[in-house]
Amino acid sequence: MIGSGGREHALLLGLDRDPSVTELHAAPGNAGTGSVATNHPVDVASADAVVALARELAADLVVIGPEVPLVLGVADALREAGFDTFGPSAQAAQIEGSKAFAKDVMAAAGVRTARAEIVDNPAELDAALDRFGPTWVVKDDGLAAGKGVVVTPDRAAARAHAADCLEHGHPVLLESFLDGPEVSLFCLVDGETVVPLLPAQDHKRVGDGDAGPNTGGMGAYTPLPWLPAAMVDRIVDEVCKPVAAELVNRGTPFSGLLYAGLAIGAEGPAVVEFNCRFGDPETQAVLDMLESPLGEALAATARGTLADLPPLRWHDGAAVVVVLAAENYPGRPRTGDPITGANAEGVLHAGTAVGAAGEVLSAGGRVLSVVGRGADLKAARAQAYDRLGQVKLAGSHFRTDIGKAAEDGRISL
Ligand code: GLY
């Protein structure tokens with residue numbers, strides 16, 4: 001297992017439950033993965049180092065968790081060295097690594113996504129604005145890329161922001177607004193074979209009620225009581241399969257986990273983004289629901305035999321994961337504090353390290369996540385928050401409303 005987050009800890013625990021798995025190693029892992037696998041201090045961005053470790057261990061299967069080694073071609077190097085590898089090639093990983101590549105693939109595959117136009121000439125601004133709206137998404141595409149985003153139903157406000165960017169010499173990116181609740185759908189993909197996992201929903205803002213800045217994800221739940229099963233089929237048929245087929249057509253077949261981040265609007269699913277790996281923290285909840293052997297599913301994907309895999313089986317009920325973040329996250333997090341209760345049931349480590357006396361210390365922004373499962377969302381939430389209540393970390397914070405809007409029936413299509 002390559003990686004060191006809560007996602008990788010959840011994958012390792014899932015693999016550990018598979019009776020066909022005999023031995024687990026993590027590189028580099030964290031303080032939690034050490035109790036289920038042997039941790040190895042390896043630079044995951046170094047293909048040579050990862051291949052050397054796989055050789056030393058005579059690994060039967062290498063699973064790559066994060067996007068960075070995938071985009072850098074670590075899966076390619078492992079396959080060239082003869083290892084069965086779960087994770088796409090560097091070229092296929094461009095579906096996450098390059099927005100332009102992803103848009104191009106989606107256009108060729110006829111997949112709905114935000115339409116985007118660059119405007120760099122003020123004389124063309126009004127005509128371009130007329131091609132968007134009534135909610136306008138205006139992004140400063142200059143040096144403030146990623147910042148300077150205005151989302152507004154007011155054309156004059158959209159125009160003012162765009163004109164301001166252009167006056168400062170920055171091109172403007174106009175995107176169509178994707179309305180509707182968000183869904184993360186993870187699919188095992190082996191060429192044109194696509195096997196969806198349970199749909200999940202992430203909570204990206206730091207505070208309750210979606211207040212405050214974006215984070216890597218503060219919690220998630222699965223399945224989605226407000227999403228009909230037929231909509232999952234539509235996502236697979238209208239989004240995931242056409243993209244998988246397009247990548248095959250281009251000679252860059254995808255092998256691994258394709259993560260479709262979607263907004264479900266009045267016209268159906270539209271892609272917000274693709275990722276080339278499992279999502280964090282959704283994976284912690286989704287894999288807790290999986291009854292089928294995880295190792296078999298990952299190995300079938302890696303070996304090109306996913307089409308022969310028996311249908312996945314899932315536990316009844318629901319699972320919820322809540323992230324415990326360090327003080328000041330998503331800013332520069334406070335680290336180095338002792339954590340009490342970090343090895344309790346349902347606790348998955350992310351930003352943790354082992355101290356000199358063997359104690360567990362905080363070592364990152366998203367420190368750990370706690371999973372609960374139950375007969376329904378209410379019971380799953382209760383277990384997750386009950387378990388989280390046993391964990392103590394000075395200055396830490398978490399959202400109290402993960403899955404709450406769905407539990408209360410406040411999300412609808
Ligand atoms: N849950 C968001 C991500 O994994 O990118």
Side-chain angles (χ1 to χ4, degrees), residues 6-7 10-11 13-14 17 180-189 194-204 210 217-241 257-265 268-275 277-294 297-298 309-323 346 348 369-385 387 399 401-413:
R7 165 185 52 207
L11 283 159
L13 290 177
R17 290 192 290 269
E182 293 200 353
V183 172
S184 301
L185 187 69
F186 301 163
C187 295
L188 299 172
V189 174
V194 174
V195 175
L197 310 188
L198 289 183
Q201 189 179 52
D202 192 5
H203 293 57
K204 294 204 175 76
D210 291 332
M218 292 298 289
Y221 65 98
T222 185
L224 309 179
W226 46 269
L227 190 75
M231 187 58 82
V232 174
D233 295 341
R234 266 189 80 179
I235 296 168
V236 171
D237 291 342
E238 295 178 18
V239 174
C240 304
K241 282 189 173 171
L257 194 288
L258 182 66
Y259 166 150
L262 308 132
I264 313 296
V271 174
V272 177
E273 63 174 8
F274 278 112
N275 293 312
R277 37 82 192 169
F278 281 94
D280 192 330
E282 298 98 309
T283 299
Q284 289 88 309
V286 170
L287 293 186
D288 205 67
M289 292 290 289
L290 183 67
E291 210 184 332
S292 300
L294 178 64
L298 301 186
L309 188 74
L312 294 175
R313 297 185 316 278
W314 300 94
H315 293 291
D316 291 334
V320 170
V321 57
V322 184
V323 169
L348 297 162
S369 56
V370 181
V371 180
R373 176 150 57 89
D376 55 19
L377 211 37
K378 185 172 191 231
R381 274 173 45 78
Q383 188 179 66
Y385 281 106
R387 287 174 167 175
R399 277 182 68 156
D401 64 347
I402 304 301
K404 183 78 174 109
E407 182 195 325
D408 293 346
R410 283 185 279 121
I411 304 180
S412 58
L413 292 180

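What you see is a predicted model, and the numbers here were worked out from it, not measured in a lab.
- The distance from atom CG of Asp210 to atom CE of Met218, rounded to the nearest 0.5 Å, is 11.5 Å.
- Remark: Ile411 CD1 to Leu224 CG distance equals 8.0 Å, nearest 0.5 Å.
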Next item on the list: Start with the C-alpha gap between Val194 and Leu188, add the side-chain angles, then the distance that decides, and say whether side-chain contact (heavy atoms from CB on, under 4.5 Å) holds.
Entry: CA-CA 6 Å; Val194 174; Leu188 299 172; over 6 Å; no

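- Side chains of Asp280 and Gln284: a donor on one and an acceptor on the other come within 3.5 Å.
- Across all their heavy atoms, Phe278 and Thr283 have their closest contact at CB-OG1, 3.2 Å.
- Met231 and Ile264 get closest at one heavy-atom pair: CE-CG2, 3.7 Å.
- Taking CG from Leu262 and CG from Leu227, the interatomic distance works out to 9.5 Å, rounded to the nearest 0.5 Å.
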In residues 313-323, what donor-acceptor pairs under 3.5 Å come from side-chain atoms, sequence neighbours left out?
none

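- In this structure, the separation between CZ on Arg373 and CG on Asp288 is 5.0 Å, given to the nearest 0.5 Å.
- Contacts of Arg387 classified as side-chain contact (heavy atoms from CB on, under 4.5 Å), with partners at least two apart in sequence or in another chain: Glu345, Val370, Gln383.
- No side-chain heavy atom of Gln201 sits under 4.5 Å from any side-chain heavy atom of Ser184.
- Annotation: side chain of Cys187 is not in contact with side chain of Leu257 (no heavy-atom distance under 4.5 Å).
- Side-chain atoms of Trp226 and Arg410, non-hydrogen and from C-beta on, never get closer than 4.5 Å to each other.
- Residues Lys378 and Asp408 are not paired through a salt bridge, judged by the lack of any N-O separation under 4.0 Å between the basic side chain and the carboxylate.
- Looking at heavy atoms from C-beta onward, Val232 lies out of side-chain contact with Pro223 at the 4.5 angstrom threshold.
- Heavy atoms only, all atoms of each residue included: Gly279 and Phe186 are closest at N-CZ, 3.3 Å.
- Heavy-atom minimum distance, Gly180 versus Ala263: O-CB, 4.0 Å.
- Residues passing the side-chain contact (heavy atoms from CB on, under 4.5 Å) test with Arg17, sequence neighbours excluded: Leu13.
- Ala220 and Ala285 make their closest contact through O-CB, 4.4 Å (heavy atoms, listed as atom of the first residue, atom of the second, distance).
- Between Lys241 atom NZ and Asp233 atom CG the span is 9.0 Å, to the nearest 0.5 Å.
- Rounding to the nearest 0.5 angstrom, the gap separating the CG atom in Leu197 from the CG atom in Leu185 is 7.5 Å.
- Looking only at distances, no side-chain donor or acceptor of Thr222 sits under 3.5 Å from a matching main-chain atom of Val286.
- No hydrogens or angles considered: a donor-acceptor pair under 3.5 Å links the side chains of Glu282 and Tyr259.
- Minimum heavy-atom separation, Cys240 to Leu258: O-CD2, 4.4 Å.
- Using modelled atom types, no side-chain atom of Asp401 and backbone atom of Lys404 make a donor-acceptor pair closer than 3.5 Å.
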